[in-house]
Amino acid sequence: MRYKLLTAALAATAALQFAGPATATDLEVTHWWTSGGEAAAVAELAKAFDATGNHWVDGAIAGSGGTARPIMISRITGGDPMGATQFNHGRQAEELVQAGLMRDLTDVATKGKWTEVVRPKSLLDSCTIGGKIYCVPVNIHSWQWLWLSNDAFQKAGVPVPKDWNEYVAAAPALEKAGIVPLAVGGQAWQSSGAFDVLLAAVGGTDTFLKVYKDKDAKFAAGPEVAKVFKAADDARKMAKNTNVQDWNQATNMVITGKAGGQIMGDWAQGEFQVAGKTAGKDYTCLPGLGLNEVIATGGDAFYFPVLKDADKSKAQEVLAETLLDPKTQVAFNLKKGSLPVRGDVDLNAANDCMKKGLAILAKGAVIPWTDQLLSQDSQKQKEDLFSEFFAKPEMTVEEAQKRFADIIATAD
């Protein structure tokens with residue numbers, strides 16, 4: 001494994017590098033990390049930044065990224081920018097950068113040798129527009145996980161599944177035991193994301209890329225993708241009695257044994273940790289749904305709006321450096337359930353599920369995700385479709401696939 005222990009010298013160097021300025025500067029940082037596990041993780045970033053002599057002013061926005069991003073964008077375009085803001089890796093801030101509203105961080109990145117330490121390289125590529133670096137990737141989050149409640153399957157009298165097919169086969173036993181087979185929250189991004197995971201797992205990597213990277217609408221309307229819609233129909237039936245909205249509420253159904261499982265990104269690990277659950281003992285994680293063990297190099301990054309205040313602009317640079325500090329990377333990602341973007345950090349404390357992710361990353365079994373492959377408009381169309389598909393059992397798979405192919409035909 002390419003991740004190695006930090007040396008004492010490196011730790012000392014990092015401590016010197018982030019010696020704080022003479023006067024503290026308040027810097028507002030907006031994000032949508034508000035669940036229990038997320039709040040514990042973001043507290044590590046705040047602690048590290050405060051240790052530089054500056055002060056992290058927390059600007060958490062309740063709700064998902066879909067709720068928070070329009071608020072963040074409105075503030076930046078409306079002349080009320082924050083000091084830093086979270087977006088996902090990919091194209092979410094593309095128009096803001098093109099409008100000249102985001103800081104060029106190339107000098108900071110060059111000083112910190114980001115091109116040498118950030119791995120995989122595609123993470124920094126996602127921050128690069130016109131040859132200049134505009135964001136700091138802080139983690140690698142992958143959507144491609146199935147989280148299973150060991151207690152739920154024990155109560156249902158069936159073995160914990162090893163893959164998606166066994167899981168679907170176990171659904172009737174779970175229902176008979178009064179357990180919701182699959183928890184899917186009511187927000188559109190959750191059902192859309194679940195379909196994307198099924199596309200990569202059931203359809204395979206080539207199918208996923210042919211649809212979202214090549215944007216082959218004819219292929220999207222064909223028999224290979226029809227298999228995926230059959231799996232999505234199974235998921236819809238299994239999830240029909242979920243009755244929660246937020247993703248972490250759905251995760252809590254798995255934690256408490258009220259649901260058999262959930263398709264969700266590895267940020268769900270933070271919720272299991274806060275609840276005191278142990279990977280491999282209390283819950284099982286299946287990357288790629290046990291069918292296609294790949295992970296996407298998606299995740300979170302921080303962008304820094306252009307500010308007129310010189311002190312705050314300097315504090316932005318300190319925060320950018322702090323986010324990639326090796327110790328900050330470890331503390332944050334262990335709480336977040338994500339993988340660090342640095343390849344030289346100590347992850348001996350990683351749990352079984354994180355170690356699975358690290359092994360997949362080490363093998364190079366990575367794929368780009370929809371945040372990197374589709375515009376926000378195309379993403380929104382897709383979310384609307386699958387929100388409707390999961391909410392309306394009367395929508396046929398044939399109708400849904402046709403609408404999906406139409407979206408791909410005009411996707412950018």
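Keep in mind that this is a model prediction, so the values were computed, not measured.
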Might you point out which heavy atoms bring Gly261 and Leu148 nearest each other, and give the distance in Å? CA-CD2, 4.1 Å

In terms of ring plane angle, is the pair Phe208 and Trp369 parallel, tilted or perpendicular, where the classes change at 30° and 60°? parallel

Does Asp206 pair with Lys210 as a salt bridge, N-O distance under 4.0 Å? no

Parallel, tilted or perpendicular: rings of Trp143 and Trp189 (30°, 60°): perpendicular

Is any side-chain heavy atom of Pro305 less than 4.5 Å from a side-chain heavy atom of Leu101? no

Please examine the side chains of Val225 and Phe219, heavy atoms only from C-beta on, and report whether any two atoms are closer than 4.5 Å. yes

Short question: side chain of Asp246, backbone of Asn248 - any donor-acceptor pair under 3.5 Å? no

Let me confirm one number: the OG1-CD1 distance from Thr256 to Ile179, rounded to the nearest 0.5 Å. 10.0 Å

Chi angles and distances behind the side-chain contact (heavy atoms from CB on, under 4.5 Å) call for Leu146, Val197: CA-CA 9 Å; Leu146 176 60; Val197 174; over 6 Å; no

Taking atom CD of Gln379 and atom OG of Ser192, what is their separation to the nearest 0.5 Å? 6.0 Å

Leu182 versus Tyr167: any side-chain heavy-atom pair under 4.5 Å? yes

Going by atom types alone, do Asn252 and Glu271 pair a side-chain donor with an acceptor below 3.5 Å? no

If only atom types and distance count, is the side chain of Asn150 paired as donor or acceptor with the main-chain N or O of Lys281 below 3.5 Å? yes

Step by step, work out the side chain to side chain donor-acceptor pair (under 3.5 Å) result for Asp151 and Ser149. CA-CA 5 Å; Asp151 285 346; Ser149 165; 5.4 Å; no

Heavy atoms of other groups near Glu95 CD, more than 12 under 6.0 Å: no

Under a plain distance cut-off of 3.5 Å, with no hydrogens placed, do His141 and Asp266 share a side-chain donor-acceptor pair? yes

Donor-acceptor contact present, side-chain Lys215 to main-chain Tyr212, <3.5 Å: yes

Using salt bridge (Lys or Arg N to Asp or Glu O under 4.0 Å), reason through Lys336 and Glu44 one step at a time and then give a plain yes or no. CA-CA 10 Å; Lys336 191 72 168 63; Glu44 295 292 340; over 6 Å; no

Residue pair Asn333 / Ser338, side-chain donor-acceptor N/O under 3.5 Å: yes

4.5 Å side-chain heavy-atom contact, Val29 and Phe302: yes

Shortest non-hydrogen contact from Gln262 to Ala250? NE2-CB, 3.4 Å

Phe153 vs Thr284, test: side-chain contact (heavy atoms from CB on, under 4.5 Å). Steps then yes/no. CA-CA 11 Å; Phe153 287 93; Thr284 296; over 6 Å; no

In a check of side chain to side chain contact (heavy atoms under 4.5 Å, CB included) between Tyr134 and each of Ile129, Leu105, Leu96, Thr128, which one passes? Ile129

Any donor-acceptor pair under 3.5 Å linking the side-chain atoms of Asp104 with those of Thr106? yes

Answer with yes or no whether the side chains of Asp58 and Trp56 bring together a donor and an acceptor at under 3.5 Å. yes

Under-4.0 Å salt bridge between Asp406 and Arg403: no

Less than 4.5 Å apart, side chain to side chain, heavy atoms only: is that true for Met354 and Leu334? yes

Looking at Lys380, Lys382, Gln381, which one forms a side chain to side chain donor-acceptor pair (under 3.5 Å) with Asp384? Lys380

Beyond-backbone contact of Asp125 with Gln372, side-chain heavy atoms, under 4.5 angstrom: no

Validation row: Trp33, Leu45 side chains within 4.5 angstrom (heavy atoms): yes

Can Lys392 and Glu399 be counted as an ion pair, charged N to O under 4.0 angstrom? no

What's the spacing between Asn292 CG and Thr207 OG1 if we round to 0.5 Å? 9.5 Å

Output yes when a side-chain donor or acceptor of Asp216 lies under 3.5 Å from a complementary backbone atom of Val211, and no otherwise. no

Let me confirm one number: the CZ-CZ distance from Arg236 to Phe229, rounded to the nearest 0.5 Å. 10.0 Å

Run the side-chain contact (heavy atoms from CB on, under 4.5 Å) check on Met72 and Trp32 step by step: do they pass? CA-CA 10 Å; Met72 296 165 171; Trp32 57 82; 3.6 Å; yes

In Å and rounded to the nearest 0.5 Å, what is the CG to CD distance from Leu124 to Glu116? 11.5 Å

Would you say the side chain of Cys127 lies within less than 4.5 Å of the side chain of Val136, judging by non-hydrogen atoms? no

Before you tell me yes or no, could you show the steps for Lys356 and Asp352 under salt bridge (Lys or Arg N to Asp or Glu O under 4.0 Å), namely the whole-Å CA-CA distance, both residues' side-chain angles and the distance that decides it to 0.1 Å? CA-CA 6 Å; Lys356 287 181 182 181; Asp352 286 351; over 6 Å; no

Residue pair Pro120 / Thr297: nearest heavy atoms and the distance that separates them: CG-CG2, 3.5 Å

So does Val184 get a backbone contact from the side chain of Thr242, meaning a donor-acceptor N/O pair under 3.5 Å? yes

Test item: Ser378 side-chain N/O and Asp412 main-chain N/O as donor-acceptor pair under 3.5 Å: yes

Any donor-acceptor pair under 3.5 Å linking the side-chain atoms of Asp377 with those of Ser375? no

Check against side-chain contact (heavy atoms from CB on, under 4.5 Å), Ile73 and Gln92: CA-CA 10 Å; Ile73 292 169; Gln92 292 177 354; over 6 Å; no

Nearest non-hydrogen partners of Trp147 and Cys353, listed with the distance: CZ3-SG, 3.8 Å

Under 3.5 Å donor-acceptor, Asn241 side chain and Val180 backbone: no

Say whether, by atom type as modelled, one donor and one acceptor occur between the side chain of Gln401 and the main chain of Val228 under 3.5 angstrom. no

Whether Thr34 side chain and Ile61 backbone form a donor-acceptor pair below 3.5 Å: no

Between Lys230 and Asp234 (salt bridge meaning N to carboxylate O under 4.0 Å), is one present in this structure? yes

Under the salt bridge (Lys or Arg N to Asp or Glu O under 4.0 Å) criterion, do Asp325 and Lys327 qualify, and how do the steps go? CA-CA 6 Å; Asp325 171 41; Lys327 290 191 288 186; 5.6 Å; no

Quick check: does any side chain N or O of Gln329 sit under 3.5 Å from a backbone N or O of Val341, one acting as donor and the other as acceptor? yes

Point-to-point distance, once rounded to the nearest 0.5 Å, from NZ of Lys312 to CE of Met82: 12.5 Å

Nearest heavy atoms of Phe87 and Ala93, plus distance in Å: CD1-CB, 3.9 Å

Distance only, no hydrogens: is a donor on one side chain within 3.5 Å (strictly under) of an acceptor on the other, for Ser191 and Ser387? no

Between Phe195 and Phe389, ring centroids under 6.0 Å: no

